Amino acid sequence: MKNCSRALLISLGAAAFLDHVNAASRYMDPVTDMKKRLTEDTMSPALKGMEYAVRGSVVIAADKINDELQSGTKKYPFDSIVYTNIGNPHSVGQRPLTWPRQVMALVDLPDEIGVDHPDVEKMFPADAIQRAREMKKGLGGHGSGAYSHSKGVKMFREDVASFIQKRDGGVPANAEDIFLSNGASEAIKYVLTALIADSSCGVMIPIPQYPIYSASLDLLQGKKVGYFLDERRNWDLNMQELERSLLEAKKNGVNVVGFVLINPGNPTGQVLSKKAVQDVVQFCSKHKLVLLADEVYQENVYDDDAEFYSAKRAAFDTGLLQNDEIELASFHSISKGVFGECGRRGGYMELVGFDGKVKDHLYKLASSSLCSTISGQMMVSLMARGPNPGDQSYRSHEAEKSSISESLKKRAKLVSKGLNSIPGFSCQPAQGAMYCFPRVDLPEGAIQDAHSRGMAPDTVYAISLLERTGICVVPASGFGQEAGRYGFRTTFLPSEEKMARAVELIRQHHEEFCSKYSG
């Protein structure tokens with residue numbers, strides 16, 4: 001009898017345990033059955049929705065075709081891709097400047113085979129050796145492989161401050177207001193991160209604009225407040241348009257906190273007048289908007305009647321700087337100008353008129369990445385302070401810079417005039433930067449075909465151009481534009497010969513494309 005009772009209890013206990021397990025399984029987290037925790041369905045929707053046109057679908061297609069060409073395919077009517085989608089000068093043939101690379105090499109080398117080698121003066125100019133010794137000292141004797149201060153090496157920041165002060169006619173600049181960064185892009189993201197306190201916050205951005213602003217605002221879940229540039233007036237600013245854009249955003253419940261100025265323009269290539277820049281700083285001061293001045297193309301000015309005029313100088317000339325009536329973050333980079341050192345990821349931002357505690361938080365944000373690349377910091381210093389007049393390398397260094405600048409000037413005119421001469425094209429002169437941004441009239445059939453495929457019409461056009469000619473451009477829709485406008489952005493960085501050939505191929509392709517869709 002006892003044995004039967006024990007068996008019954010064991011049986012009841014097992015049944016109860018199984019009931020418990022079955023009940024628990026009904027309440028288990030369903031994701032435990034998933035093969036992957038992170039999928040496109042579970043990832044950040046902000047990241048999923050972010051777009052970055054200059055590395056978008058057309059470039060992906062170009063890379064795929066390039067791989068096919070490298071493997072020996074003969075199915076395309078060309079044997080190489082002409083990448084004009086991005087401002088990456090060295091990738092399309094621009095030679096690096098000699099003196100900065102000599103200094104960099106000496107800083108990177110151990111002393112005994114570099115600055116202290118007995119034959120160093122036979123291999124390197126004296127001014128490069130001297131500058132390398134200075135930079136090694138500024139690095140604290142740790143070389144170029146150690147972390148630096150999170151704002152950047154102080155000596156290098158002092159070089160930047162001196163550069164800015166000289167550029168702006170003596171307007172004071174302080175090294176403590178300078179942050180060295182991994183290109184200008186990283187510093188721009190720092191400021192936007194600080195600005196977007198919640199999803200109601202918005203930033204005014206030019207239309208067309210460089211996609212880092214739209215992409216970053218999407219990722220931060222901020223609002224994009226577009227203001228249109230006037231294409232008919234060579235992409236000039238219109239103050240009535242700024243006021244309209246701001247008022248409309250406020251009516252829609254957007255808390256507008258910042259304003260982006262890109263000068264010289266990307267993708268539009270205009271160089272703003274002094275009055276235009278002064279109008280912007282006064283607009284930002286009036287409406288309490290933090291001004292982000294993207295000035296990475298300040299050394300790329302080709303129009304003899306145009307001159308770069310910084311937002312900081314404008315703030316000084318209007319008295320806003322002296323009266324602490326503007327919050328200004330300005331950005332520059334070694335990727336553009338005549339250096340073109342994109343891969344080193346060197347840039348800086350200067351913060352003027354910012355609250356001290358905000359600067360502390362931005363320093364904290366920079367510290368979370370420890371520091372920007374030392375090679376980038378070094379190149380920023382060399383951009384800001386080159387060899388002095390009378391130094392051994394001064395004349396050759398200036399001659400190299402002048403040669404690059406003059407060639408860019410020729411290409412800017414060649415491409416903008418060439419594109420503007422194509423029937424159905426309208427291209428404003430490229431006064432500066434590295435780009436042309438033509439308007440292209442497309443046949444109605446092409447527009448309808450694109451819509452039926454769920455694509456932007458100028459994306460269809462750009463892919464057709466790629467597949468027929470090997471020229472890789474960026475559809476204008478990736479930068480923003482007025483409704484009903486179509487076009488693309490192209491650099492003019494490849495050689496003069498290649499760009500002349502590219503313009504002719506674009507002409508031929510446009511005739512073919514229009515003929516195809518006009519039947």
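In this text, all values refer to a predicted model and were calculated from it rather than measured experimentally.
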Query raised in the report: What's the verdict on side-chain hydrogen bond (donor to acceptor under 3.5 Å, both in side chains) for R244 and N238, showing C-alpha distance, side-chain angles and the deciding distance?
Result: CA-CA 10 Å; R244 178 210 63 78; N238 182 316; over 6 Å; no
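- G337 and L408 make their closest contact through O-CD1, 4.3 Å (heavy atoms, listed as atom of the first residue, atom of the second, distance).
- Separating the CE atom in M135 from the CZ atom in R385 is a distance of 8.0 Å, to the nearest 0.5 Å.
- Heavy-atom minimum distance, E186 versus N182: OE1-N, 2.9 Å.
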Report task. Would you sort out whether S407 and R411 count as a side-chain hydrogen bond (donor to acceptor under 3.5 Å, both in side chains), showing the intermediate values? Result -> CA-CA 6 Å; S407 179; R411 282 174 271 168; 2.9 Å; yes
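- Residues passing the salt bridge (Lys or Arg N to Asp or Glu O under 4.0 Å) test with K359, sequence neighbours excluded: D177.
- By the 4.0 Å N-to-carboxylate-O rule, K312 lies too far from E295 to be salt-bridged with it.
- The nearest pair of heavy atoms linking A456 to S477 is CB-OG, 3.6 Å.
- Heavy-atom minimum distance, F339 versus P100: CE2-CG, 3.8 Å.
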**Report entry** Working for side chain to side chain contact (heavy atoms under 4.5 Å, CB included), residues L192 and L217
**Finding:** CA-CA 7 Å; L192 291 175; L217 287 169; 4.3 Å; yes
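- If you look at Y190 and F179, their ring centroids are not closer than 6.0 Å.
- A donor-acceptor pair under 3.5 Å is formed between the side chain of Q94 and the backbone N or O of V338.
- Salt bridge status for R485 with E482: absent, with no side-chain N to carboxylate O gap under 4.0 Å.
- When atom types are taken as modelled, the side chain of H149 and the backbone of K151 share a donor-acceptor pair closer than 3.5 angstrom.
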Report task. Determine, step by step, whether L328 and V281 satisfy the side chain to side chain contact (heavy atoms under 4.5 Å, CB included) criterion, reporting the C-alpha distance in whole Å, the side-chain angles of both residues, the deciding distance to 0.1 Å, and the verdict. Result -> CA-CA 9 Å; L328 167 65; V281 298; over 6 Å; no
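- Distance alone, capped at 3.5 Å, is enough to place a donor-acceptor pair between the S214 side chain and the P211 backbone.
- Checked by atom type, the side-chain pair Q481/D458 shows a donor-acceptor distance below 3.5 Å.
- Salt bridge annotation for E176-R157: present, with a cationic side-chain nitrogen under 4.0 angstrom from a carboxylate oxygen.
- For the pair Q377 and I374, the minimum side-chain heavy-atom distance is below 4.5 Å.
- When atom types are taken as modelled, the side chain of D303 and the backbone of D305 share a donor-acceptor pair closer than 3.5 angstrom.
- The local environment of NZ in K357 is sparse, with at most 12 non-hydrogen atoms from other residues, nucleotides or ligands closer than 6.0 Å.
- Electrostatic pairing of D108 and R101 does not count as a salt bridge here, judged by no charged N lying under 4.0 Å from a carboxylate O.
- Here L493 contributes atom CG and S91 contributes atom OG; the two are 7.5 Å apart, rounded to the nearest 0.5 Å.
- Ring orientation note: the planes of F163 and H332 are close to parallel, at an angle under 30° on the 30°/60° scale.
- Considering CD of E241 and CD of E243, their distance stands at 10.5 Å, rounded to 0.5 Å.
- Side-chain atoms of H397 never come within 3.5 Å of backbone atoms of N388 as a donor-acceptor pair (strictly under, hydrogens ignored).
- With hydrogens and angles ignored, the 3.5 Å screen pairs no side-chain donor or acceptor of S402 with any backbone N or O of E398.
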Query - Residue pair V115, L109: steps toward the side chain to side chain contact (heavy atoms under 4.5 Å, CB included) verdict - result: CA-CA 8 Å; V115 292; L109 286 169; over 6 Å; no
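- Taking the side chain as every heavy atom from C-beta outward, Y435 and V415 never approach each other to under 4.5 Å.
- In this structure, the side chain of R489 engages the main chain of N85 through a donor-acceptor pair within 3.5 Å.
- Aromatic ring orientation, F479 versus F437: perpendicular (interplanar angle above 60°, classes split at 30° and 60°).
- Inter-residue side-chain proximity for Q298 and S310 is flagged as unmet; no heavy-atom pair is nearer than 4.5 Å.
- Taking the six-membered ring wherever Trp is involved, the centroid distance between the rings of Y348 and F156 does not fall below 6.0 Å.
- Within 6.0 Å of CZ in R233 there are more than 12 heavy atoms belonging to other residues, nucleotides or ligands.
- In summary, the side chains of N255 and S200 do not present any donor paired with an acceptor at a separation below 3.5 Å, with no hydrogens or angles considered.
- Side-chain contact check for R131 versus W99: some heavy-atom pair is nearer than 4.5 Å.
- Between S162 and K166 there is no side-chain heavy-atom pair separated by less than 4.5 Å.
- Closest non-hydrogen pair, P208 versus L229, comes out as O-CD1, 4.1 Å.
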Report task. Would you check, one step at a time, whether the test side-chain hydrogen bond (donor to acceptor under 3.5 Å, both in side chains) holds for Y83 with N88? Result -> CA-CA 9 Å; Y83 285 98; N88 191 13; over 6 Å; no
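- At distances below 3.5 Å, not a single donor-acceptor pair connects side-chain atoms of Q392 with backbone N or O atoms of P125.
- Annotation: side chain of S416 is not in contact with side chain of Q428 (no heavy-atom distance under 4.5 Å).
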Query raised in the report: When you look at Y309 and L272, which way does the side chain to side chain contact (heavy atoms under 4.5 Å, CB included) test go after all the steps?
Result: CA-CA 8 Å; Y309 180 67; L272 295 176; over 6 Å; no
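- Separating the CG atom in D391 from the CG atom in D127 is a distance of 5.0 Å, to the nearest 0.5 Å.
- The local environment of CD in E40 is sparse, with at most 12 non-hydrogen atoms from other residues, nucleotides or ligands closer than 6.0 Å.
- Between L237 and L261, some side-chain heavy-atom pair lies under the 4.5 Å cut-off.
- Summarising the geometry of V254 relative to C201, their closest heavy-atom pair is CG1-C, 4.4 Å, with the distance given to 0.1 Å.
- R313 contributes a side-chain N or O that, together with a main-chain N or O of D168, makes up a donor-acceptor pair within less than 3.5 Å.
- To the nearest 0.5 Å, atoms CZ (F354) and CD1 (I326) are separated by 9.5 Å.
- Under a 3.5 Å cut-off, the side chain of K224 and the backbone N or O of I205 do not form any donor-acceptor pair.
- Of the charged side-chain nitrogens involved, at least one lies within less than 4.0 Å of a carboxylate oxygen, so that K136 and D111 count as a salt-bridged pair.
- We find that D279 and K275 are joined by a salt bridge, their nearest charged nitrogen and carboxylate oxygen being less than 4.0 Å apart.
- The shortest side-chain heavy-atom distance between V160 and L180 falls under the 4.5 Å cut-off.
- Rounding to the nearest 0.5 Å gives a distance of 9.0 Å between CG of L292 and SG of C284.
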